[in-house]
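Okay, so here's the structure we're looking at.
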Number of protein chains: 2
Amino acid sequence: MATIYDVAKLAGVSPATVSRVFNGTSVSADKVTAVRAAAKELNFTPNRAARTLRRQSSEVIALVIPDIENPYFTEMARGVEDVASEAGYSVVLCNSDAQVEKELTYLRIAMAENMSGVILAAASDSTNLDEILATGRPVVAVDRSTGHDIDGVVMANRDAGRQATEHLLKSYRRVAYIGGPEHIETATDRAEGWLLAHRAAGLEAPLDLLRYSSFRVDGGRSVMEELLALPEPPDAVVAGNNLIGVGAIQVLTEHSLTPPELGVAVIGSLPFTTLSPSAVTVVRLPARHMGVMAARMLLARIRGDKQPARTVVLRNEVQAASAVR
Amino acid sequence: MATIYDVAKLAGVSPATVSRVFNGTSVSADKVTAVRAAAKELNFTPNRAARTLRRQSSEVIALVIPDIENPYFTEMARGVEDVASEAGYSVVLCNSDAQVEKELTYLRIAMAENMSGVILAAASDSTNLDEILATGRPVVAVDRSTGHDIDGVVMANRDAGRQATEHLLKSYRRVAYIGGPEHIETATDRAEGWLLAHRAAGLEAPLDLLRYSSFRVDGGRSVMEELLALPEPPDAVVAGNNLIGVGAIQVLTEHSLTPPELGVAVIGSLPFTTLSPSAVTVVRLPARHMGVMAARMLLARIRGDKQPARTVVLRNEVQAASAVR
DNA sequence: ATGAAAGCGCTAACAT
DNA sequence: ATGTTAGCGCTTTCAT
């Protein structure tokens, strides 16, 4: 691989001039063309490791998410990527697998690689960011807030839970809730919405039907099985995220209770669904938009924005089932 | 961020010794402990940019895929990641969006960052790897082969197409094929399987039902609509990949032709399906395994393996629908 | 086994 | 506007 010295020699200028050409500082027109020609001939690309070492920062941002196989997060990643690459930044996708240790490893890598910043969908409420924040690198929280005073983009989780539940309460009487892990805010907030919807309707929430599991298909499956085995099973269910929804609907199909036979509302879009849209109520979450906002906030911080930390709350869009039992 | 010099000073040794401790070369036991203690106290992590610059290679591999929102590729990514991180390598996921230019950008970044190697699911048959191969960096092809003499992991695409079609021909008479773009080998190979299955059954393949589109949900949707609008529509369809399958089934559902009313076989697993497994024939593709194999081959090359290039062909597993019309 | 010192390729003072 | 030069933090010869 050619270096800046090779290019300089071929173009008959100093290495510094070559560097200037590639960094947009003032160089006379003729030298610019000479350098560009030489660079092209040698197939020169600036060595990023050297640049990063010198500048103490690289044009790379890390996006750390808990589940790369969840379409919700990949959609978010697309939003981040579009904004970042527009601004000349690359995005490194890191999969923490919902484990705090793996997450910490990736945060350390981000530091050690001098990445410019991090967008983090935290694995847990207790994620510790002291180390990375001490380096002065900006971190933006997405989807879930952290215990730290940093920028964040979340959505109206309580509302989402409430809207989903309200729709079901119009046509059903025993509405269950299957959420993610209890140590994750999005799970508990959405559950609160379920509670509030009952209260607002003047009903007592059936607390025996409030369940926490994992934000995954198998979580939805096992809890749905449990609920159906109850002496007094629910006649409808709110799924706390897209994958739980998939698992719950799978089990219902196996029991010949395909929605709307048993009512289903899902918080999050059903990825690649083959169901009729009229059968299930879906609270669409602005995943892509969330990624876009987070990337914008992070880039602003990288450019030196010093405002106090802000949290943006995005709204959801309900797509109600028309069919009922 | 602490440097090797800070640690050296605190531990009362030279910077070289600190480096040795972190690289596993011979250092006396007492100094090792002193260095480790100092490193821990200062929260030291070796600066990767510096290490990379010096070593001319980083412990990072790039995985370039055409669609990060396709669960097939994220499953593959998990396989790659598991093997790589086991060996101390990080994986950078790059989304080429099926565009050759974006792909080239990422390949250039991989070179400029001195990454150790690349695993590539090429955006097109015509992807040019001359530049990166000239740097001596190993590249392994996955899912799709390239025109270059490099290692590869693919699956038995022709067989997959053939198996899917054979199953449908047992119960249906006019079997269509919806494939991906014609310039991608996996699409044409699977279509060939469709042809062969007809021939093997002593039938003439209905060439008016052979269609190429994109490997995406909307591709499956639009072609399925076209097929249904035909004067003599098909009574069954082979979907060339998972997303095409989703799109086709969506359209069928909307037309009240839910499988097995119209027969469906999908090459690839249906992601997050809520359908009964008995309704659709699925040719399961070994996505994760493919990622695992590719990562192993790449790591071997990175470690200096000089064998001639090999291509591994993985077999598929058919999960036949039991229900028919 | 350990230390001294050079250098990976680049950028940013500083000098001209 | 352009060249000279120091140095980012690390690894790795070469001495000892």
Side-chain angles (χ1 to χ4, degrees), chain A residues 1-36 38-39 42-60 88 108-116 135-137, chain B residues 1-36 38-39 42-60 88 108-116 135-137:
Chain A
M1 297 243 31
T3 76
I4 218 172
Y5 292 94
D6 304 325
V7 177
K9 190 176 290 174
L10 185 60
V13 299
S14 76
T17 299
V18 178
S19 172
R20 288 185 185 110
V21 169
F22 281 89
N23 290 284
T25 34
S26 46
V27 178
S28 67
D30 52 333
K31 305 221 162 177
V32 170
T33 41
V35 167
R36 291 229 178 278
L42 297 174
N43 225 316
F44 168 78
T45 325
N47 181 308
R48 296 215 180 197
R51 172 179 280 184
T52 299
L53 177 58
R54 178 60 226 233
R55 288 216 203 140
Q56 303 284 36
S57 128
S58 75
E59 273 131 354
V60 176
R108 291 228 170 96
I109 289 180
M111 290 186 274
E113 298 259 19
N114 288 324
M115 294 183 189
S116 306
T135 69
R137 280 188 183 65
Chain B
M1 295 244 31
T3 76
I4 218 173
Y5 292 93
D6 304 326
V7 177
K9 190 176 289 176
L10 185 59
V13 299
S14 76
T17 300
V18 177
S19 172
R20 289 186 183 110
V21 169
F22 280 89
N23 291 283
T25 36
S26 48
V27 177
S28 67
D30 50 334
K31 304 218 163 179
V32 170
T33 41
V35 168
R36 292 228 178 279
L42 297 175
N43 226 317
F44 168 79
T45 325
N47 181 308
R48 295 212 178 200
R51 170 178 282 184
T52 299
L53 178 59
R54 176 61 225 234
R55 288 217 202 139
Q56 304 284 34
S57 128
S58 75
E59 274 133 352
V60 176
R108 291 229 169 95
I109 290 181
M111 290 185 274
E113 298 259 19
N114 288 323
M115 293 185 189
S116 306
T135 69
R137 279 187 183 66

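Just so we're on the same page: letters track the sequence lines, and every chain starts at 1. This one's a predicted model, so the numbers in the text were calculated from it and none came from an experiment.
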(request) Ignoring backbone atoms, establish whether A/T17 has a side-chain N or O less than 4.0 Å from OP1 or OP2 of D/dT2. (result) no
Rounded to whole Å, the CD-C1' distance (A/Q56 to D/dC8) equals 6 Å
From CG of B/N23 across to C1' of D/dG9 the rounded distance in Å is 13 Å
Rounded to whole Å, CZ of A/R20 lies from C1' of D/dT4 at a distance of 10 Å
Out of C/dC10, D/dC10, D/dT4, minimum distance to the side chain of A/I4 belongs to C/dC10
Requested in this report: Could you tell me whether the phosphate oxygens of C/dT2, OP1 or OP2, come under 4.0 Å of any side-chain nitrogen or oxygen in B/K31?
Outcome: yes
Nearest-nucleotide check on DNA chain C, A/A16 vs B/G12; residue mapping nearer the 5' end is B/G12
Under 4.0 Å, heavy atoms only, any strand: does B/R48 hit a base, just the sugar-phosphate, or nothing? nothing
Rounded to whole Å, CE of A/M1 lies from P of C/dG9 at a distance of 10 Å
When rounded to whole Å, the CG to P distance for the pair A/N114 and C/dG9 reads 19 Å
Hey, does B/F22 reach any base, or is it just sugar-phosphate, or nothing, if we go heavy atoms under 4.0 Å?
nothing
Heavy atoms only, 4.0 Å cut-off, all strands: where does A/S28 land among base, sugar-phosphate and nothing? sugar-phosphate
(request) Using modelled atom types only, decide if a donor and an acceptor are shared between the side chain of A/N47 and the backbone of A/A49 within a distance under 3.5 Å. (result) yes
*When all nucleic acid strands are considered with a 4.0 Å heavy-atom cut-off, which category describes B/S19: base, sugar-phosphate, or nothing?*
base
Among the nucleotides D/dT2, D/dG3, D/dC10, whichever has the atom closest to the side chain of A/V27 is D/dT2
Are B/R55 and B/S57 close enough that a side-chain donor and a side-chain acceptor fall under 3.5 Å?
-> no
Against the side chain of A/S26, the closest entry in D/dG9, D/dA1, D/dT4 is D/dA1
Checklist entry - Do A/V7 and A/R36 have side-chain heavy atoms sitting under 4.5 Å apart? => result no
In whole angstroms, the gap separating C1' of D/dC8 from CZ of B/R51 amounts to 16 Å
To the nearest angstrom, the CE-P distance between A/M111 and D/dC8 comes to 21 Å
Between CZ of A/R54 and P of D/dT5 the distance, given in whole Å, is 16 Å
Judged by atom type as modelled, is there a donor-acceptor pair below 3.5 Å linking the side chain of A/D6 to the main-chain atoms of A/A2? no
When every non-hydrogen atom of B/A8 is compared with those of B/P15, the smallest separation belongs to CB-N, 3.6 Å
Assert: residue with more 5' nearest nucleotide on DNA chain D, out of A/V13 and B/T45, is A/V13
